[in-house]
Amino acid sequence: MHITRALRPAAGAMALLLTAGVSAAGAGSAAAAGGNTVELPVLKAALTANDACSTGSGRRATAVPWEQVSLQLGRAWQFASGAGVTVGVVDTGVSTSAPALKGRVTAVGEGGTDCVGHGTFVAGLVAASLEKGVEFAGVARQARILAVRATDERGAVTAERVAEGIEAAVEGGADVVCVSAALPADTVALRSAVKLAAKKDVLLVAAAVPDVPTGAVGEDPSAQDFYPAASDGVLSVLDVDKNGDRPTGAYTTASAQLAAPGDGVVGIGPARDGHYIGSGASLAAGFVAGTAALVRSVHPELTAAQTAGLLRSSAYPAEVPRVDPYAAVTSVLASASTAAKGAAPTVPKDGAASVRMPQDEAAEPLRRALWPAASSLVLVVAVIWLALIIPRGRRTGWRPSSRRPTRPTREAPQATAVAAESANVQAGVPAER
């Protein structure tokens with residue numbers, strides 16, 4: 001009982017120290033998630049014959065979007081920006097007038113105009129710059145965009161258009177190509193485009209399923225493959241919400257390799273500096289394509305297959321692993337040093353590769369901040385130990401050691417007699433009876 005009362009202050013001090021440590025570790029994400037929310041207009045994936053072309057949004061994102069917090073983009077940006085990498089966006093086109101992409105869009109044919117706005121939205125997820133008064137930004141903020149239209153002006157898509165768009169992006173010099181379309185059947189033209197990308201060492205990232213379910217899609221639609229995402233050598237991406245779940249009633253597939261935010265995400269429009277909100281696997285593909293651009297900017301020695309393997313091996317474990325930009329750009333392929341010397345790197349056939357994490361320099365300030373707390377914790381443990389040991393030692397007659405000569409105990413005379421008798425026996429003197 002006495003010991004319990006004595007420990008209460010020490011236990012309280014320990015709890016306070018532990019709480020302070022946890023608060024320091026989580027303060028960054030809590031601050032990043034703060035801010036006011038603004039209701040944004042919903043992006044359309046396609047337009048009807050009577051719809052006017054999108055003119056842009058008049059509302060701006062004033063808080064850090066949940067997807068940027070989830071992907072820890074602030075941490076990834078300390079190491080990579082996507083500079084020097086070109087991402088081809090095969091979609092409805094990308095507007096060269098979009099302020100957040102100003103000066104970084106190169107168009108193929110009619111790809112520089114975007115009546116629908118979907119392609120510009122995806123391009124913004126890949127590479128939109130951070131503007132004054134706006135919290136939204138793309139994953140690879142300094143990457144360049146190669147705009148390729150793979151639909152008609154209203155957003156209608158065909159396999160032939162998509163195949164031509166992929167080939168145009170590859171031939172145009174893209175390092176990464178993001179494909180928004182998810183088609184129910186493979187074709188000779190699509191297979192040929194995918195092979196060309198592999199030959200040119202271009203990483204293809206594609207939506208694993210269509211954005212908007214059409215036809216009789218129930219609460220739990222059966223899994224099926226869509227193309228070009230399901231083709232060998234293409235990085236297939238599913239969309240998830242802020243809880244890591246798939247939207248109810250959405251298409252699904254067993255061939256998806258990565259997942260990324262794609263439900264209620266913020267993006268730019270084809271004109272003005274306002275923002276939209278959209279959903280779909282095509283938007284998730286934009287996040288993964290942007291992450292691939294970050295990786296290729298800091299690891300230019302890696303092939304497209306190695307880059308895909310690194311994105312998968314560094315992803316957050318889940319039913320469908322979720323892309324992790326920070327882990328991807330700060331991971332180093334075990335074979336990277338070998339590749340830099342000109343030798344052929346050893347990489348599994350599926351493109352996966354083992355990774356190791358270098359020292360996290362960004363975490364050093366936190367470690368320094370926690371040193372005082374750790375020292376205090378050691379002191380508290382020492383106090384608790386003394387509170388337990390000293391009272392118990394006193395009850396059992398324990399005393400601290402001293403340099404003064406020890407006094408003879410009551411057993412000393414008896415011990416002396418025994419010693420004398422032992423000496424007599426050794427000398428052959430009979431013991432007294």
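Values reported hereafter were calculated over all heavy atoms of this structure, with side chains retained and with hydrogens, waters and symmetry mates removed. Residue indices begin at 1 and follow the sequence shown.
- Taken from OG in Ser129 to NZ in Lys102, the straight-line distance is 10.5 Å, to the nearest 0.5 Å.
- Closest approach of Ala174 and Gly88 over heavy atoms only: CB-N, 3.7 Å.
- Residues Ser314 and Asp324 come closest through the heavy atom pair O-CB, 3.6 Å.
- Distance alone, capped at 3.5 Å, is enough to place a donor-acceptor pair between the Asp211 side chain and the Ser282 backbone.
- Residues Asp175 and Val202 fail the side-chain proximity criterion, which asks for heavy atoms closer than 4.5 Å.
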Step-by-step salt bridge (charged side-chain N to carboxylate O under 4.0 Å, His left out) determination, Lys242 to Asp263: CA-CA 8 Å; Lys242 61 182 179 180; Asp263 184 40; over 6 Å; no

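- Residue Ser192 holds its OG atom at 10.0 Å from NZ of Lys199, rounded to the nearest 0.5 Å.
- Residues Val188 and Leu190 form no side-chain contact, since every pair of their non-hydrogen atoms from C-beta on lies 4.5 Å or further apart.
- Looking at every heavy atom in both residues, Ala285 comes nearest to Val237 through N-CG1, 3.9 Å.
- No side-chain donor-acceptor contact under 3.5 Å links Arg144 to the backbone of Ala83.
- Judged by distance alone, the side chain of Gln68 and the main-chain N or O of Gly138 form no donor-acceptor pair under 3.5 Å.
- Taking 4.0 Å as the cut-off between side-chain N and carboxylate O, Arg296 and Asp201 count as a salt-bridged pair.
- Each of Thr113, Thr106, Val105, Thr120 was compared with Thr96 under the side chain to side chain contact (heavy atoms under 4.5 Å, CB included) criterion, and only Val105 meets it.
- Judged purely by distance below 3.5 Å, without hydrogens or angles, the side chains of His299 and Thr307 never pair a donor atom with an acceptor atom.
- Between Val89 and Leu146, every side-chain heavy-atom pair lies at or beyond the 4.5 Å cut-off.
- In terms of modelled atom types and a separation under 3.5 Å, the side chain of Glu153 and the main chain of Cys115 share no donor-acceptor contact.
- Here the side chains of Val266 and Glu67 are in contact, with some heavy-atom distance below 4.5 Å.
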Might you work through the salt bridge (charged side-chain N to carboxylate O under 4.0 Å, His left out) test for Arg60 and Asp273, ending with a clear yes or no? CA-CA 7 Å; Arg60 307 176 80 191; Asp273 57 2; 3.8 Å; yes

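- In summary, the aromatic rings of Phe121 and Tyr276 are positioned with their centroids too far apart to meet the 6.0 Å limit.
- Contact detail for Val295 and Ala328: the closest heavy-atom pair is CG2-CB, 3.8 Å.
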If you apply the rule side-chain contact (heavy atoms from CB on, under 4.5 Å), what do you find for Val240 with Arg246, and how did you get there? CA-CA 5 Å; Val240 293; Arg246 295 295 321 290; 4.1 Å; yes

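- Atom-to-atom distance recorded for Glu319:CD and Asp245:CG is 10.0 Å, nearest 0.5 angstrom.
- Between the side chain of Arg104 and the backbone N or O of Ile145, no donor-acceptor pair lies under 3.5 Å.
- Between Asp186 and Ser231 the shortest side-chain heavy-atom distance falls below 4.5 Å.
- Note that OG1 of Thr158 and CG of Asp152 are 9.0 Å apart. Values are rounded to the nearest 0.5 Å.
- Taking CD of Glu131 as the start and CD1 of Ile268 as the end, the distance is 8.0 Å to the nearest 0.5 Å.
- Between Glu135 and Thr62, the closest side-chain pair of non-hydrogen atoms is not below 4.5 Å.
- At least one donor-acceptor pair closer than 3.5 Å links the side chain of Trp66 to the backbone N or O of Gly264.
- Looking at Asp241, its side chain does come within 3.5 Å of a backbone N or O of Asn243 through a donor-acceptor pair.
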Test log, rule side-chain contact (heavy atoms from CB on, under 4.5 Å), inputs Ser331 and Leu310: CA-CA 8 Å; Ser331 297; Leu310 180 56; 3.8 Å; yes

Phe79 vs Val298, side-chain contact (heavy atoms from CB on, under 4.5 Å): CA-CA, chis, key distance, verdict: CA-CA 8 Å; Phe79 301 92; Val298 296; 5.5 Å; no

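- Looking only at distances, no side-chain donor or acceptor of Gln257 sits under 3.5 Å from a matching main-chain atom of Arg312.
- Put simply, the side chain of Leu283 reaches to within 4.5 Å of the side chain of His118, judged on heavy atoms.
- A donor atom on one side chain and an acceptor atom on the other are found under 3.5 Å apart for Arg75 and Tyr326.
- By the 4.5 Å heavy-atom criterion applied to side chains, Leu238 and Val209 are counted as neighbours.
- Smallest separation of non-hydrogen atoms from Ala147 and Val94: CB-CB, 3.5 Å.
- Summarising the geometry, atom CD1 belonging to Ile166 is positioned 14.5 Å from atom CZ belonging to Arg161; distances are rounded to the nearest 0.5 Å.
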Decide yes or no on side-chain contact (heavy atoms from CB on, under 4.5 Å) for Val177 and Val205, but give the supporting numbers first. CA-CA 6 Å; Val177 173; Val205 180; over 6 Å; no

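- Shortest non-hydrogen contact noted between Ala308 and Leu235 is CB-CD1, 4.3 Å.
- Formation of a donor-acceptor pair under 3.5 Å by the Arg149 side chain with backbone atoms of Glu110 is found in this model.
- In this structure a side-chain-to-backbone donor-acceptor pair under 3.5 Å is present from His275 to Ala61.
- A side-chain donor-acceptor contact under 3.5 Å links Asp225 and Ser255.
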